[in-house]
Amino acid sequence: MNYVSTRNNDIKVSSAFAIAHGISVEGGLYVPESIPQLDTKDFANLSELDYIGKAEYILKKYLTDFTDEEISACVNGAYTGSFDDDKPAALAQLGDKINILELWHGPTCAFKDLALQLLPYLLTTSTKKAADGKKTVILVATSGDTGKAALEGFKDVENTEIIVFYPSEGVSPMQKLQMDSQKGNNVHVCAIKGNFDDAQSGVKKIFTDAAIKETLAQNGMEFSSANSINWGRLVPQIIYYISAYCDMLAKGDDLSNGFNIVVPTGNFGNILAAYYAKEMGVPVNKLICASNANRVLTDFINTGVYDRNREFYTTMSPSMDILISSNLERMLYILADGDDKYIADIQSQLANDGKFTVNDTVLAKLQSLFFGACCDDDGTLKTIKNTFDEYGYLCDTHTAVAVNAYEQYIEKTGDNRPVLIASTASPYKFAKSVLSALSNDIPESEFDTVDALSDLTRTTVPTPLAELKNATARFKDIYKKEDMYTAVCNCLKIN
Ligand SMILES: *Cc1c(COP(=O)(O)O)cnc(C)c1O
């Protein structure tokens, strides 16, 4: 299986190369040349396996240049002992049709752990194969959850350094403390004055700058990415949708007419993984793309016009506060039947004008696959309260956006097939907002709020968050967004 760049079909690389390098030289993203298919026999085999077994089975189809032993070592390293009950992707059920895929039982309590516990193993294996064993410098732009999950995944991993940039005003207090208190000898955390898109653009710029690349090479280093622009981040996410499908079948859900998947979306990585699962053979009907007030994707799905020239809102679902959804590029490449010139063209329009319009063919395909809906913070709070009142289920702010979008979908279409809603974070990561949906009595301190939420809802605080109570901040630097390269040099002690 080869991987091609979305902006130049002549660039064909192995999966190890794609993972080691993160992004293609001309700025394109790597996509698999074809999508592996699962037949009835595959699903029968998969249903006999535990999560680790399923992960191996699926990865073998995508990472064909890895040996079976390498894949097995990666997967076992990632998923043994790092998730509650060794179940990275547990299902909860609300009523008889709604399944919640709880993806936050890992070390940082957000779904990014599923990919970022595995990525360091994939990456170190890949660099040995395809990057001459240079030291890998992982640059991460984060709206909160990726940063912490990447830091946990990469801390003290041999031959790597990791530098995380986050918007100083754009993450929750819990997320900030999680990152600033990170332990490890190869980790660096920098706040920047700007929003997530600034951080992401800055990182992309550093990645693709030839002179910077040369400087790194002279120091025996090479950049890679732990953001979902890296294929090694996406492929682990396909696994849990296939696993959830097997679990839904096993508990007797009637999936004869397929089911819908709802994903609270920011960078379009998680929902793209759901799309891959669908194309592989999971009987998914609609992919429901849920956004918060930064509704650029909702508008895009409804109109075919992608326009980032709009007000940026800082919301209570900060991991979705994004106006440039990087992984949409992969989706559009597929919808445009691999027309690399077309993708290069619309991406340069996006870079230059902040805007592009897709053609009618692409729009029709997009709308047949996806339904887009959004809600603001008020809607988020109402949904948290209603979901708790109706089902006794406490969801975080991001998951609530998904539940809200699902309700809009039902209202509009009447489609009552079974549904799988991706739940992307523990409610305790956003305790203040979640508690404020249920009570007017909000304590001053973050940890009193956590305790109040636990008392009110009789739910348990995840251990990694409870333990933060005693953590102290170790990183305090705030950089201007223009100074991100300086920050990199400072962290790596090069100039
Ligand atoms: C990252 C994140 C999202 C958005 O996922 P994408 O793959 O970027 O679309 C949603 N919810 C939470 C809690 C996240 O951390």
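First listed ligand is number 1; within each ligand, the first listed atom is number 1.
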Set out, in order, the CA-CA distance, both residues' side-chain angles and the distance that settles salt bridge (charged side-chain N to carboxylate O under 4.0 Å, His left out) for E329 and R7, then state yes or no. CA-CA 9 Å; E329 175 165 349; R7 299 188 199 175; 2.8 Å; yes
Test log, rule side chain to side chain donor-acceptor pair (under 3.5 Å), inputs Y313 and N195: CA-CA 10 Å; Y313 298 100; N195 61 34; over 6 Å; no
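K429 places a side-chain N or O within 3.5 Å of a backbone atom of T108 that can act as its donor or acceptor partner. Between the side chain of N404 and the main chain of T380, no donor-acceptor pair closer than 3.5 Å is present.
Ordered by chain and residue number, the residues placing a heavy atom less than 4.0 Å from ligand 1 are F111, K112, D145, P264, T265, G266, N267, F268, G269, N270, S319, M320, H398, T424, A425.
Using a 30° and 60° split on the angle between ring planes, F268 and F370 fall in the tilted class, from 30° to 60°.
Aromatic pair Y51/Y79: ring centres closer than 6.0 Å.
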